[in-house]
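Small disclaimer: the values here were computed from a predicted structure and weren't measured. Within every chain, numbering begins at 1; the chains are lettered A, B, ... in the order of the sequence lines, protein sequences first and strands thereafter.
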Amino acid sequence: MQNRLNLAGEKSGIPGDIKPEAFHRNERASGKFVRTIDLPVEIDETGIQAEYKNGLLVVTLPKAEKAKPKQISVKIA
Amino acid sequence: MAERTVAARTQEKTPSSREETRSQEQYITPPVDIYETTNGLVVTADLPGVAKEGLDLRVENNLLTIRGKAAHAAHAAPGGPVYREYGLVNFFRQFELNEKVDQSKISAELKHGVLTLNLPKAEEAKPRKIEVKSALD
């Protein structure tokens with residue numbers, strides 16, 4: 001499980017006691033879902049944050065120190 | 001309910017503001033569930049990213065309008081996306097209500113980006129049982 005983000009959840013449907021003939025529209029999807037995302041860089045696992053608000057999940061994955069860009073100073077001879 | 005989705009351009013009475021607003025921003029039609037209970041109708045709409053402040057619900061001339069503006073701070077962050085397959089969009093949808101809905105008692109709840117609207121039936125439209133008297137001669 002390196003550099004890979006797994007998400008899983010379930011979207012609940014309409015309560016089961018509603019008869020099919022009572023529906024005027026039935027467009028919304030429901031059920032379980034899963035998603036795996038390969039991450040392009042190494043992640044600082046201790047700094048991961050996730051926020052779920054208004055139906056949006058936002059996961060913040062900070063880069064690991066060693067994956068961050070470094071500046072190399074050039075010595076002039 | 002004989003509701004149907006009404007395109008904004010068919011709204012001859014209010015052609016001005018709605019059209020102008022829509023042309024500037026991107027709107028999509030949210031998926032909805034509508035089902036009937038003994039007390040009335042329940043409308044559920046998926047509006048991910050829409051906060052209570054960004055939601056505009058109106059009933060005018062028997063027309064129910066749902067308009068939601070999605071916003072999240074992460075989308076305003078500096079730097080371009082590395083990968084993107086989901087964009088924040090605004091939502092717009094209209095339904096025609098028939099007179100059987102008691103428009104003064106409509107209630108709405110927004111939770112986790114899912115809007116639930118309760119449209120209670122008007123008292124006179126509720127089902128009632130009719131007693132049959134047997135005529136005895």
Side-chain angles (χ1 to χ4, degrees), chain A residues 1-45 47-71, chain B residues 1-5 28-55 68-77 79 81-89 91 93 95-98 101 110-117 119 127:
Chain A
M1 273 313 159
Q2 208 175 359
N3 292 342
R4 194 169 274 186
L5 175 69
N6 275 301
L7 299 173
E10 185 171 1
K11 191 160 173 278
S12 56
I14 292 296
D17 54 343
I18 308 293
K19 290 177 193 157
E21 57 265 34
F23 275 96
H24 292 269
R25 296 282 162 92
N26 192 355
E27 302 167 348
R28 294 168 64 238
S30 64
K32 290 180 181 171
F33 57 86
V34 64
R35 180 83 193 252
T36 306
I37 298 158
D38 282 316
L39 304 169
V41 290
E42 253 185 84
I43 296 303
D44 174 16
E45 286 164 31
I48 298 173
Q49 285 182 323
E51 181 202 35
Y52 185 67
K53 198 178 172 189
N54 298 327
L56 287 182
L57 175 71
V58 177
V59 185
T60 310
L61 306 143
K63 276 184 190 171
E65 259 331 297
K66 55 182 168 181
K68 284 183 184 169
K70 286 181 191 68
Q71 190 163 17
Chain B
M1 181 161 84
E3 93 294 331
R4 62 192 169 90
T5 310
I28 67 158
T29 307
V32 298
D33 285 347
I34 302 173
Y35 57 90
E36 205 162 334
T37 64
T38 47
N39 294 324
L41 287 154
V42 180
V43 179
T44 321
D46 282 348
L47 307 168
V50 177
K52 195 181 154 213
E53 298 74 37
L55 184 64
K69 289 195 177 230
H72 195 281
H75 266 245
V82 177
Y83 179 73
R84 170 170 283 176
E85 59 183 53
Y86 179 82
L88 282 181
V89 284
F91 299 97
R93 193 147 183 190
F95 294 99
E96 220 171 63
L97 303 176
N98 65 20
V101 171
L110 184 65
K111 195 180 175 187
H112 300 323
V114 178
L115 170 73
T116 308
L117 270 169
L119 310 166

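Proximity to chain B (any heavy atom under 4.5 Å) is shown, for A:E21, by neither the backbone nor the side chain. The contact between A:K11 and chain B is made entirely by side chain atoms (from C-beta outward), counting heavy-atom distances below 4.5 Å. Neither the backbone nor the side chain of B:V42 comes within less than 4.5 Å of any heavy atom of chain A. Only the backbone of B:L47 comes within less than 4.5 Å of a heavy atom of chain A; no side-chain atom from C-beta onward does. With a threshold of 4.5 angstrom between heavy atoms, B:A45 approaches chain A through N, CA, C or O but not through any side-chain atom.
Remark: A:Q49 CD is loosely packed, at most 12 non-hydrogen atoms of other residues, nucleotides or ligands lying under 6.0 Å away.
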request  = List the steps and the verdict of side-chain contact (heavy atoms from CB on, under 4.5 Å) for A:Y52 and B:H112.
outcome  = CA-CA 8 Å; A:Y52 185 67; B:H112 300 323; 3.8 Å; yes
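Between the CZ atom of A:R28 and the OG1 atom of B:T44 there is a distance of 5.0 Å, given to the nearest 0.5 Å. Summarising the geometry, atom CG belonging to A:L57 is positioned 11.5 Å from atom OH belonging to B:Y86; distances are rounded to the nearest 0.5 Å. Atom-to-atom distance recorded for A:R25:CZ and B:F95:CZ is 5.5 Å, nearest 0.5 angstrom. Note that the NZ atom of B:K52 and the CG atom of A:N54 stand 11.5 Å from one another [nearest 0.5 Å].
The only member of B:V32, B:I34, B:T29, B:D46 that meets side chain to side chain contact (heavy atoms under 4.5 Å, CB included) when paired with A:E27 is B:V32.
Of all the heavy atoms in B:P48 and A:G55, the pair that sits closest is CB-O, 4.0 Å.
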